[in-house]
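Working notes for the structure below.
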Amino acid sequence: MQPYDPQPIEARWQAWWKSHQTFHCPNPGEPGFDASKPKYYVLDMFPYPSGAGLHVGHPIGYLGTDIVARRKRMEGFNVLHPMGYDAFGLPAEQYAIQTGQHPAETTAQNIATFRGQMERLGLSFDWSREFATSDVDYYRWTQWIFARLYDRGLAYQTEVPVWWCEALKTVLANEEVIGGRSERGDHPCVRRPLKQWMLKITAYADRLIEDLEGLDWPESVKAMQREWIGRSEGAEVRFPIAGGKGEALSIFTTRPDTLFGATFMVVAPEHPLLDRLVTPEQKTKVDAYVAEAAVKSDLERTDLAKDKSGVFTGGYCLNPAFDPADERARLPVFVADYVLISYGTGAIMAVPGQDQRDWDFAKAYDLPIVRTVQPPADFDGEAFTGDGPAMNSGFLDGLGVAEAKARMIAWLAEQGLGEARVTYRLRDWLFSRQRYWGEPFPVLHRPDGSHQRVRDEDLPVALPHMTQFAPPDDGSPPLSKATDWLAVHDPVSGETLQRDTDTMPGWAGSCWYYLRFMDPHNGSAPFSQEAVRYWNQVDLYVGGAEHAVLHLLYARFWHKVLFDEGLVPTKEPFQRLFNQGMLQGFAYKDATGRLIPVDEVDGEAEPPVLKASGEPVERIVAKISKSLKNVVNPDDVCQRYGVDTFRLYEMFMGPLADSKPWNDRDVPGPRRFLERFWRLFVDPDSSDRLRPNLLEASQGAAVGESLELEKQFHRCLQRVNDSFEHFNFNTAVAAFMEFVNVATKSVGALRRDQAERLVCAIAPFAPHVAEELWSRLGHPPSVCFAPWPQVEASYLVDEDFELVVQIMGKVRARARAPQGANQDELAALARASIEDRLEGKQIVKTIVVPGKLVNFVVR
RNA sequence: GGGGAUGUGGCGGAAUCGGUAGACGCAUCGGACUUAAAAUCCGAGGGCCCUUUGCGGGCCAUCCGGGUUCAAGUCCCGGCAUCCCUACCA
């Protein structure tokens, strides 16, 4: 008796893979490296090792890449498929503070948990390349790359108003603050000026847009990146300050064509020229407004979107489009917080006729509105932002928007009043954190405030071990308390220098880890040129859509800097990007719309009801979360059903790109499939290791039932191959199921060669059972390097097919038709099959789709 | 407000090009095996209706409404719903 029993099989083969280093992938020059094979680099976005371990949602992408990696190996590629940990950063530190342990300890524990869980899933990573970004042997080179940025002038320190989170005791990047609250933990944040490290990503803005072109990425991600960079073309125009001594207020506009329609101006509350513009009579009001705005920016300044607020400064500027003597040239200047200091020049010309925000402000403060673009006759909106002929615009009148823009820019340049300018929404990257758990900056400060970087040979600057690593209450960085680490004697100058006490943000380590994987143990360089020239770039990068902008933009930026340094051969790091969908769970919702955790509901009842009160509730799809109690641990599923079942189920749920809910009830399906699959090879009632028909070598071409199986197999394999195109492995699993259903009916007809190819085909999906059967078939391990079976097109066509016969597009009959039949033959065949229905009708038209159907159009 | 994605049975989902809607699986129901149950195996199944002893047949069905076409889940136009991203960027 030997029914399918996954646990011993899975344990045995995982141990075998580990002891034989099956998935170890040597680099060029190392023993075992085969230069004749092409390379393939398939990478997962590495995880942040949280304390909770993996739930069933995490590995779905890893399973997808594992299947790709395993198939590529069978197809004869050298496959680079590594895994590591994004271990530095705020959450690790928060977790450590909460648990009262040092982050180095908690990180090590969490990594051990993750590693164990991933190994149990049979993922074919080359574990010899594993590292964490918090390893000193790794972040040494992160610091080294920072030094390259420093040398190129791409890293600089400046005093900037930054988001400060009191609860987290740290500065946060703009993108980590949402509506005035921290993305992590949802704590309130305030703006504070602080000296910060910045990386000049804006210098690469155009290249970051342009090089998206050649990438095989989802269009949505490309669009998000373009929008995030937010390139906009326009003009900078100088408006002389009325009564000033040649000073001018510079503004940026994308609509220079509307210059004649400017009726007032607005500066941001933080604008440097504000003091110059304010008149004594208005000073009190303006000061009050500026103070209010400073506080308001801490709260949701954006939530006040509808009601524009502002105060007249008392000052005026002159619209350069008009003669200074012209009444229309005199524009009052307001201060208002809908203008942002950090974008453009922090000041605008307001053109209410063509800008809704300006319209709103003009209405609120009773300012004049002049249309300079003729709206269509049926236009009933307020500001008109569309195209149309210019009006009230002097030399521009009658021109379309594009032409008018060009003329105005030319005129401004000629008059020395302004010029074409491009601005970006993208800001430089705020790169320092006042926290402990991150890469120290390799920078030394002199008493005079100047700084120099640590020489390459003095790297790494190791993070000192501290027992008091929580941020001090005074807001200073934890490293400033590491007194015996701080001071450095410089043997060259004889000076005593101070180490930089900030650390890099969590994003730093993930900017180049994919390169380190190419050569992870290199002690003399971040990676060797030989390794990077061989592995070149990541061929397939899989991860969640939540990294569509930040991580991918930052990594592309660093990669381009390394490209400019001549250190990497490609402009872009990731050739193909794929976002897996989110795995969701079930939860319940009561009549008021409140979400109910699964453990409070009797889900078997129809409809489901609250256990406590019997109140009916509705089952909904929701996020997997601790609070909804719908977290499922993959270890439990593997324990109960086996790893191969878990893998097949996750792939069978739906296309990898889609979000879909985990459903415990569906898991037995794939398990039953594997049992049927097993019985195809092993008779559970016998003690034989294999069915007798599989022991004999196959003789000659398949005939009869075996031929039918052969055809069926090629059809199955075709679908399996196709599924790799869009990662809809659910269809591959379905194809295997169909084949096994058919093969089960003629078990004795399955030939040995067919069985062998079947095992190979399923190996990437269910590697343990495949390895076991491959071995029972008498092959030495491992099936991981057995050849991927080939589809032969000749087996995909039958001699005849089912011809669908339609009348007026409705199916009325079906008939068997020979494959090679021509149109006339098919039409005749179809007509014969529905003779009675055509009686008394006149055939107006006959449409024949060879191999498919015939449609009669009748009257 | 802007951008993107999605919408097919009780559920997860199939359906390269416009060409048999609902593959495969779950759950359900029926049958076989069993002292019994589980497991397993076999079978049924979108809705409404007509007819018949059974066979059979018709109509309606892919979020809603239009359109193109011999033919629409698929293409076009207009809505609705859900989810994600983004939010005064001048």
Side-chain angles (χ1 to χ4, degrees), chain A residues 3 178-179 218-221 223-224 226-228 230-232 234 251-255 258 266 301-306 308 336-340 342-351 354-358 360-361 423-427 545-546 548-549 581-582 584 586 606 619-621 623 648-649 652-655 657-670 672-673 675-676 679 684 719 722 725-726 728 730-738 740-741 744 802-814 844-849 851-858:
Chain A
I178 295 158
E219 273 313 313
S220 59
V221 175
M224 280 164 93
R226 279 190 206 103
E227 275 169 37
W228 188 263
R231 181 191 156 95
S232 62
I251 61 99
F252 172 74
T253 179
T254 54
R255 293 294 302 276
T258 64
V266 184
R301 192 148 137 179
T302 52
D303 263 13
L304 309 165
K306 286 286 172 278
K308 299 266 178 296
D337 65 6
Y338 80 91
V339 170
L340 308 175
S342 49
Y343 185 77
T345 62
I348 62 159
M349 65 172 189
V351 187
Q354 275 81 225
D355 186 291
Q356 189 60 43
R357 295 159 300 184
D358 297 345
D360 294 342
F361 193 86
T423 59
Y424 301 91
R425 208 188 95 115
L426 181 73
R427 314 288 153 81
E546 65 273 20
V549 178
M582 236 206 300
Q584 298 161 310
F586 290 120
E606 192 54 51
R619 191 175 82 160
I620 55 153
V621 171
K623 274 189 179 152
L648 285 182
Y649 172 60
F652 188 58
M653 291 173 79
D658 291 5
S659 292
K660 55 247 158 186
W662 174 274
N663 190 351
D664 282 320
R665 276 217 270 190
D666 288 340
V667 182
R672 283 198 275 263
F673 159 72
E675 287 167 6
R676 260 175 296 152
R679 284 199 297 273
R719 289 174 64 189
D722 288 347
E725 200 71 32
H726 301 290
N728 48 346
N730 53 325
T731 62
V733 178
F736 283 123
M737 287 173 168
E738 281 180 70
V740 169
N741 287 346
T744 298
E802 188 176 63
L803 180 71
V804 170
V805 184
Q806 298 180 328
I807 297 174
M808 301 298 284
K810 298 201 177 198
V811 181
R812 294 303 177 196
R814 294 148 213 268
V844 185
K845 199 171 170 189
T846 306
I847 288 118
V848 181
V849 184
K852 283 251 165 64
L853 59 75
V854 175
N855 186 17
F856 294 106
V857 184
V858 300

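All of these numbers come straight from a predicted model, not from anything done at the bench. In what follows, chains carry the letters A, B, and so on, assigned in the order in which the sequence lines appear, proteins first and then strands, with residues in each chain numbered from 1.
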Please give the nucleotide sitting opposite [N] as a Watson-Crick or G-U wobble pair, both distances under 3.5 Å, or none.
| N | result |
| --- | --- |
| B:rA87 | none |
| B:rU82 | B:rA5 |
| B:rA38 | none |
| B:rC26 | B:rG10 |
| B:rU68 | none |
| B:rG73 | none |
| B:rU53 | none |

Compare the minimum distances between each of B:rG58, B:rA27, B:rC88 and the side chain of A:Arg812, then state the nucleotide with the smallest one.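 When the side chain of A:Arg812 is considered, B:rG58 is the closest of B:rG58, B:rA27, B:rC88.
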
Consider the side chain of A:Ala734, meaning its heavy atoms from C-beta on, and name the nucleotide among B:rU86, B:rC41, B:rC24 that approaches it most closely. B:rC24

Its contact letters, B for base, S for sugar-phosphate only and - for none at protein heavy atoms under 4.0 Å, make nucleotides 4-17 of chain B read S------SBSSS-B

Same-atom distance ([atom1]) from [N] to [M], integer angstrom:
| N | M | atom1 | answer |
| --- | --- | --- | --- |
| B:rC50 | B:rU68 | P | 35 Å |
| B:rG66 | B:rA72 | P | 14 Å |
| B:rG67 | B:rC55 | P | 39 Å |
| B:rA90 | B:rC11 | P | 45 Å |
| B:rA14 | B:rG3 | C1' | 30 Å |
| B:rA38 | B:rG45 | P | 24 Å |
| B:rG18 | B:rC29 | P | 42 Å |
| B:rU62 | B:rC75 | C1' | 16 Å |

Between [N] atom [atom2] and [X] atom [atom1], what is the distance in whole Å?
| X | N | atom1 | atom2 | answer |
| --- | --- | --- | --- | --- |
| A:Met737 | B:rG25 | CE | C1' | 5 Å |
| A:Glu546 | B:rC83 | CD | P | 18 Å |
| A:Glu219 | B:rG3 | CD | C1' | 14 Å |
| A:Ile847 | B:rC70 | CD1 | P | 7 Å |
| A:Lys845 | B:rC70 | NZ | P | 5 Å |
| A:Phe361 | B:rA90 | CZ | P | 19 Å |
| A:Arg226 | B:rG3 | CZ | P | 16 Å |
| A:Asn741 | B:rC24 | CG | P | 7 Å |

[X] [atom1] to [Y] [atom2] distance, which is reported to the nearest 0.5 Å:
| X | Y | atom1 | atom2 | answer |
| --- | --- | --- | --- | --- |
| A:Leu853 | A:Gln806 | CG | CD | 5.0 Å |
| A:Asp358 | A:Ile348 | CG | CD1 | 4.5 Å |
| A:Lys660 | A:Asn730 | NZ | CG | 7.5 Å |

Polar side-chain atom of A:Asp658 near backbone of A:Gly581 as donor-acceptor pair, under 3.5 Å: no

Side-chain donor/acceptor of A:Lys845 to backbone N/O of A:Asn855, under 3.5 Å: no

Which comes earlier along RNA chain B counting from the 5' end, the contact point of A:Val549 or that of A:Gly230, where each point is its nearest nucleotide? A:Val549

Closest-nucleotide mapping onto RNA chain B: is A:Ile348 or A:Glu675 further toward the 5' terminus? I mean the 5' end. A:Glu675

Phosphate OP1/OP2 of B:rC24 contacted by A:Arg672 side-chain N/O (<4.0 Å):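 False: A:Arg672 side-chain N/O out of range (4.0 Å or more) of B:rC24 OP1/OP2.
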
Chi-angle category of B:rG79 [syn within 90° of 0, anti beyond]: anti

Within 90° of 0 counts as syn, otherwise anti: where does B:rC77 fall? anti

Please check if any side-chain donor atom of A:Tyr649 sits under 3.5 Å from a side-chain acceptor atom of A:Asn663, or the reverse. no

Heavy atoms only, 4.0 Å cut-off, all strands: where does [X] land among base, sugar-phosphate and nothing?
| X | value |
| --- | --- |
| A:Ser342 | nothing |
| A:Gln806 | base |
| A:Val811 | sugar-phosphate |

